[in-house]
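Report on one structure; see the data block that follows.
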Amino acid sequence: MRTMSTLVARLLNRLQPAFDALEVGADPVLRTSDRADFQVNGAMALGKRLGRNPRDVAQEIVDRLELSDLVSDVEIAGPGFINLMLSNEALVAQLEIMGSDQSLGVPAGPAATVVVDYSAPNVAKEMHVGHLRSTVIGDSLCRLLEFTGSTVIRRNHVGDWGTPFGMLIEHLLDLGEENAVEGLSMGDLNTFYTEARAKFDADDSFKERSRNRVVALQGGDEESLRLWRVLVGESVRYFDAVYRDLGVLLEDYDVVGESHYNPLLDAVVRDLDAEGLIVESGGAACVFPPGFTNREGEPLPLIVRKSDEGYGYAATDLAAIRDRVDTLGADRILYVVGAPQAQHLEMCFAVAAMAGWLGEETEAIHVAFGSVLGSDRKMFKTREGGTVKLKNLLDEGVERARQALIERDADEDLEIIARQLAMGAIKFADLSTDRQRDYVFDWDRMLAFEGATGPYLQYAHARICSIFRRADEGVEAGPIALDEPAERALARHLVALPDAIDATLESYSPSKLCSYLFELAQSFTTFYEHCPVLRAPDDATRASRLSLCELSATTLRVGLDLLGIEAPERM
RNA sequence: GCGCUCGUAGCUCAACGGACUAGAGCAUCUGACUACGGAUCAGAAGGUUGUGGGUUCGAAUCCCGCCGAGCGCACCA
């Protein structure tokens, strides 16, 4: 367990007793500020509660503060703000901690087991942009959670069960197993699915066969299961290829699809019934969690078993909650699932709570995200109106990045770097907008090398690496001094990494880390313009600036890695 | 109809109930190439925060009404 504390934690340690002296537990309301390094706003609210002049309260707090080792200047301003300027010594000390720590001074959070449910494509169906968001956001959250000491269990809840498998298996047989496998391994899942669907809609005998096949499959027929496994296997292999392209951490063993929960479904209904929660309605076994109503204002059920005795996704999701809590020991379950599923998930969580499967000590959180839109602000589609294949999208990104590199006469490792740039661009564009909102997919904006983009951050990193390549033998980083404003501004930004990560995990919003990194890159380039490093006026200054470069590069690289973005040394 | 999410600069987005100038980026305009990678930097311009009320010493932020957008609302997942 890492124990180092951040500057914010240290400031709070000093502030809290001063506030407690006036009112136990009063919140200092410590915030960053554009007028100082930090501002403390708590004196105003406290003054009001105590019926005293807030400026006097602020003064009394300041009188009680012992901050001289951290802060160089304290000022009371306006109606009762307390402005704090960090001392350069404190900044340098914090930078030294960062430099000597593998985790860059980011403290570990409380140890917890977190199950992250993300990506979740459907077997025998193409991955599309919706899966992109889930995959990219989920992957980043996993990386962040692991970085801060949580035990992360990834669950790729693929759609590998249900009525469509009857028609898919029959279609597989019609094509001939070998032919079908060949087509599937080339990743042409859309064609396969659409053909099956078309036959199902047009051909009654096919429809009949499909239905019989579902029954056989669900009844455990060996041959049907074998064919089903072929479909699943080929699809998972295809998903893997996309994950490798994207550079996400999902592995085969993270694939735990809907079928995994089949053996647990009977118990879900039985145990809900034992709790007296099951109500039969229209032949279906339902639970009516309070507070949910339908179009007519009547209570809305969560249907755990359909009137045809089959199970729907509600049963599966409930079984998954139990499995994750009981078997995996989850303290928290994150569902990185699109915003339209909000009501369904809320109902599942509510029912799980009613049944006692989710309690005080375990929480389920819907990490919802908005849709990817085209330039017309409608759901992102191809020109012909079809679904955009994720694979094609990624390939197009690589091609565009390659062209951009060729225009700039870069030819070294062109293929590798084009891929890194493209994935960085796509991921950063996705992660940097608030995940709740819909966002417009725009190649030109995300691949621009200006502005808040992946390539800009990668470029900032590559430039720093170039400094080290050019440094002469024997020129090394050394003790940091913060004499120039640009040096101090950079230092101030560097030490805020723990706060950025905190805020990111607090709200499960990688966009906050994106903003932090973009601002860091900006303050680095400002420093870079104003403060010559290799041509610094003297050795001590050069050594100090090299240290700042080193820390900046490491912070950018680690930060980008937490987003799942690579930081090439040249580009 | 009910519920959820959301309306901030021409465009894409920030802002955890706090400060006289509501911040960035893109695009626009003006500067800086004797360059440690100009895929850059410095600067300008651009906003009665959808609208009308309310709470507060203080509201983009909280509450209510209205207008507008997207999504969801019983057996497909």
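Just so we're on the same page: letters track the sequence lines, and every chain starts at 1.
Judged by distance alone, the side chain of Gln59(A) and the main-chain N or O of Arg55(A) form no donor-acceptor pair under 3.5 Å. Between the side chain of His131(A) and the backbone N or O of His128(A), at least one donor-acceptor pair lies under 3.5 Å.
With both ends at atom C1', the span from rG1(B) to rC26(B) equals 42 Å, rounded to whole Å. Using C1' as the reference atom, rA15(B) and rA59(B) are 13 Å apart when rounded to the nearest Å. Nucleotides rU5(B) and rA27(B) place their P atoms 35 Å apart, quoted to the nearest Å. Rounded to whole Å, the separation between the C1' atoms of rA24(B) and rG43(B) comes to 16 Å. rU40(B) and rU61(B) have their P atoms separated by 36 Å, with the value rounded to a whole Å. To the nearest whole angstrom, the two P atoms, one in rG10(B) and one in rU51(B), are 13 Å apart. On the P atoms, rA42(B) is 31 Å away from rG50(B), given to the nearest whole Å. Across the P atoms, rU34(B) and rU21(B) are found 40 Å apart, a figure rounded to whole Å.
Asp308(A) comes within 4.0 angstrom of nothing in the nucleic acid, heavy atoms only. As judged by a 4.0 angstrom heavy-atom cut-off over every strand, Ser307(A) is placed among the base-contacting residues.
Comparing rA77(B), rG37(B), rC6(B) by their nearest atom to the side chain of Arg570(A) picks out rG37(B). In this structure, of rA74(B), rC13(B), rG18(B), it is rC13(B) that holds the atom nearest to the side chain of Thr433(A). Of the candidate nucleotides rA74(B), rA15(B), rG37(B), rA15(B) has the atom lying nearest to any side-chain atom of Lys512(A). The side chain of Gln343(A) sits closest to rG72(B) out of rG72(B), rC76(B), rC36(B). Of the candidate nucleotides rA19(B), rC36(B), rG18(B), rG18(B) has the atom lying nearest to any side-chain atom of Arg31(A). In the set rA14(B), rA74(B), rG18(B), rG18(B) carries the atom at the smallest distance from any side-chain atom of Phe81(A). The side chain of Ser281(A) lies closest to rA74(B) when the candidates are rA74(B), rC36(B), rA14(B). Counting only heavy atoms from C-beta on, Pro340(A) has its side chain closest to rG72(B) among rC36(B), rA19(B), rG72(B). Here the nucleotide nearest the side chain of Asn294(A), chosen from rC73(B), rC16(B), rC13(B), is rC73(B). Comparing atom distances between the Arg295(A) side chain and each of rG70(B), rA77(B), rA74(B) picks out rA74(B) as nearest.
Contact annotation: Arg470(A) reaches the phosphate of rG37(B) (side-chain N/O to OP1 or OP2, under 4.0 Å).
For Asn83(A) against rA19(B), a side-chain N or O and a base N or O form a donor-acceptor pair under 3.5 Å. Judged by distance alone, with hydrogens and angles left aside, Ser515(A) brings no side-chain donor or acceptor close enough to the base of rA24(B) to form a pair under 3.5 Å. For Gln39(A) and rA19(B), a side-chain-to-base donor-acceptor distance below 3.5 Å is present, hydrogens and geometry of angles not being considered.
There is no side-chain donor-acceptor pair under 3.5 Å between Ser511(A) and Asp434(A). A donor-acceptor pair shorter than 3.5 Å can be found between the side chains of Glu399(A) and Gln403(A).
Residues Ala521(A) and Tyr456(A) share a closest heavy-atom pair of CB-CE2, 3.6 Å. Across every non-hydrogen atom of Arg305(A) and Gly310(A), the tightest pair is CG-O, 3.4 Å.
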Determine which bases of RNA chain B form Watson-Crick or G-U wobble pairs with both distances under 3.5 Å, and write the result as a 5' to 3' dot-bracket string with | for other-strand partners. (((((((..((((....[....)))).(((((.......))))).....(((((..]....))))))))))))....

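Under the 6.0 Å distance and 45° angle rule, Arg133(A) does not count as a cation-pi partner of Phe380(A).
Within the 4.5 Å cutoff, the side chain of His157(A) has heavy atoms near those of the Thr316(A) side chain.
Salt-bridge formation is detected for the pair Arg542(A)/Asp539(A): a Lys NZ or Arg NE/NH1/NH2 atom is positioned less than 4.0 Å from an Asp or Glu carboxylate oxygen.
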Determine, for nucleotides 38-45 of chain B in 5'-to-3' order, which nucleotides have protein heavy atoms under 4.0 Å from the base (write B), from only the sugar-phosphate (write S), or from neither (write -). SBSSS---

